[in-house]
Amino acid sequence: MIIKPFTKSTEGFSNTSFGNKNEADVAFHLNRKFADVNDIFVFNDLLITHESMSAQIDHLLVYKEGFIIIESKSIHGEVSVNDHGEWSRSINGKWIGIKSPLRQAQLQEDILKEALLERVSEFLGKILFKQKTGIKNWRYNRICAVSNSAIIHRKSIPDDQNAMIVKADTIGEKVTDIIEKNRFQASQFIQLSNKVPPVRFNQNELEALVEVIKRIDVSNTSKLAFHFESGKEDSIKKLACPSCGREKTEISYGRFGYFLKCTTCLKNTSLKNTALHCEKCNASTLKISKRKDNFYMICEHCNEATYVHSNR
């Protein structure tokens, strides 16, 4: 069942357009395979935020035995991965290094996990043991779907990563294989020693989980809000340093999320510890989102988005 269809524009010849075309191709094959399946739910183009972190997930499938994250990658040349998991691709006969799509999917998985763990009682009920069992045994699989025209040098790719790389037109079969394997393992599980059987959502839990994911997806909210604020982005806003009060600051991202770096007193302050609050409802439960050099706070209560800082 398609919960969130693919809606991005594929017009033009920019890198973004080529990326969107590959995502559209993956979404097309997922739609053909799972549109009429009532216990496999497909989301396209999710933006999940947790605290100061955000994850742009190209495609997410949710089913009774777990989750599958798919990272689409537009590659129209050759692609190779070495023993360290480092990716490279060819452009006009020259090889360059690129970010690992599988590492990106891992980071997306981490943020999705944290966001769902915070809301586990909303879809697993109030049975504490079941919640803990589910948290410990959720199944996550990651796939990278590259362009159909890509040439994949599979002999040089480590086996564990090789199994996670497919072309866009085979994504339906790959996802089906993963789901069938996980379902078989869950049904055949024999509890040994202190091992806990893998989680399996029932249909009610699965549908409640889908509703939670719909609520924490801020992609549509963000686009509407940023459009509303677009007239205010010509001015350069700066957050004041909580320590010295000066506005010679910039926002950076570190191990524990976004933080404010002061170039005057040289102190760093986590954005969690600043006095940011929603101007509309005064709530302090906010998410930070970045667009180019501009930063916005999104209120979790009323979905208001406000332009608060620029690194320009």
Side-chain angles (χ1 to χ4, degrees), residues 4 7-8 16 43-58 60 104 107-122 211-312:
K4 186 180 182 185
T7 59
K8 289 181 180 178
T16 299
F43 295 84
N44 295 289
D45 189 27
L46 288 173
L47 178 59
I48 305 296
T49 63
H50 177 70
E51 296 181 346
S52 59
M53 301 178 294
S54 63
Q56 182 79 45
I57 302 176
D58 293 338
L60 174 69
Q104 288 179 268
L107 295 173
Q108 294 162 8
E109 175 187 320
D110 294 341
I111 294 172
L112 178 63
K113 280 181 180 178
E114 293 299 321
L116 292 180
L117 292 180
E118 191 175 78
R119 299 164 176 83
V120 65
S121 62
E122 297 178 32
E211 292 302 315
V212 168
I213 295 174
K214 287 164 65 176
R215 288 198 298 273
I216 63 177
D217 172 30
V218 299
S219 56
N220 292 332
T221 299
S222 301
K223 290 172 186 176
L224 291 173
F226 295 140
H227 176 71
F228 177 78
E229 291 287 339
S230 61
K232 302 180 181 180
E233 294 176 6
D234 292 336
S235 61
I236 298 178
K237 285 188 176 183
K238 293 287 185 180
L239 290 172
C241 172
S243 297
C244 70
R246 302 292 295 274
E247 293 186 354
K248 293 184 177 181
T249 58
E250 62 182 43
I251 293 178
S252 297
Y253 190 83
R255 181 179 177 185
F256 301 104
Y258 286 110
F259 64 92
L260 192 67
K261 181 167 61 176
C262 181
T263 58
T264 301
C265 69
L266 304 181
K267 288 190 176 180
N268 297 334
T269 306
S270 170
L271 288 188
K272 299 176 187 177
N273 299 327
T274 60
L276 288 175
H277 64 278
C278 177
E279 297 177 359
K280 183 176 181 180
C281 70
N282 206 40
S284 58
T285 50
L286 307 168
K287 301 170 183 176
I288 300 297
S289 186
K290 180 178 183 290
R291 292 292 185 275
K292 295 185 178 179
D293 290 326
N294 296 329
F295 293 82
Y296 304 80
M297 62 180 186
I298 304 172
C299 179
E300 292 188 351
H301 287 269
C302 68
N303 290 327
E304 182 78 1
T306 306
Y307 166 46
V308 293
H309 181 90
S310 176
N311 278 348
R312 287 182 289 169

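Under the 3.5 Å distance criterion, the side-chain polar atoms of H309 are left unmatched by any main-chain donor or acceptor of F295. A donor-acceptor pair is defined here as one N or O able to donate and one able to accept, closer than 3.5 Å; no such pair exists between the side chain of T249 and the backbone of L260.
Residue E109 holds its CD atom at 10.5 Å from CG of L60, rounded to the nearest 0.5 Å. To the nearest 0.5 Å, atom CG of residue L116 and atom CD1 of residue I111 are 12.0 Å apart. Within the model, atoms CG of L117 and CG of L112 stand 9.0 Å from one another, a figure rounded to the nearest 0.5 Å. Remark: E247 CD to I236 CD1 distance equals 12.0 Å, nearest 0.5 Å. A distance of 11.0 Å separates CG of L107 from CD1 of I57, quoted to the nearest 0.5 Å.
The salt bridge (charged side-chain N to carboxylate O under 4.0 Å, His left out) search around R215 returns E122, not counting sequence neighbours. Residues forming a side chain to side chain contact (heavy atoms under 4.5 Å, CB included) with S252 (at least two apart in sequence, or on another chain): E250, F259, K261. For E211, the salt bridge (charged side-chain N to carboxylate O under 4.0 Å, His left out) partners two or more places apart in sequence, or in a different chain, are K214. With sequence neighbours left out, K267 forms a salt bridge (charged side-chain N to carboxylate O under 4.0 Å, His left out) with no residue at all. Applying the side chain to side chain donor-acceptor pair (under 3.5 Å) rule to N44 yields the partners H59; only residues at least two apart in sequence or on another chain are considered. The side chain to side chain contact (heavy atoms under 4.5 Å, CB included) search around A115 returns I48, H50, R119, I216, not counting sequence neighbours.
For the pair R312 and Y307, the tightest heavy-atom approach, listed with the atom from each and the gap, is NH2-OH, 3.6 Å. K237 and V308 make their closest contact through CB-O, 3.6 Å (heavy atoms, listed as atom of the first residue, atom of the second, distance). Q56 approaches Q108 most closely through the heavy-atom pair O-NE2, 3.0 Å. The two residues I213 and L46 come nearest to each other via the heavy atoms CG2-CD1, 4.1 Å.
Between L47 and S54 the shortest side-chain heavy-atom distance falls below 4.5 Å. In this structure, the side chains of S243 and C262 stay at 4.5 Å or more apart for every pair of heavy atoms.
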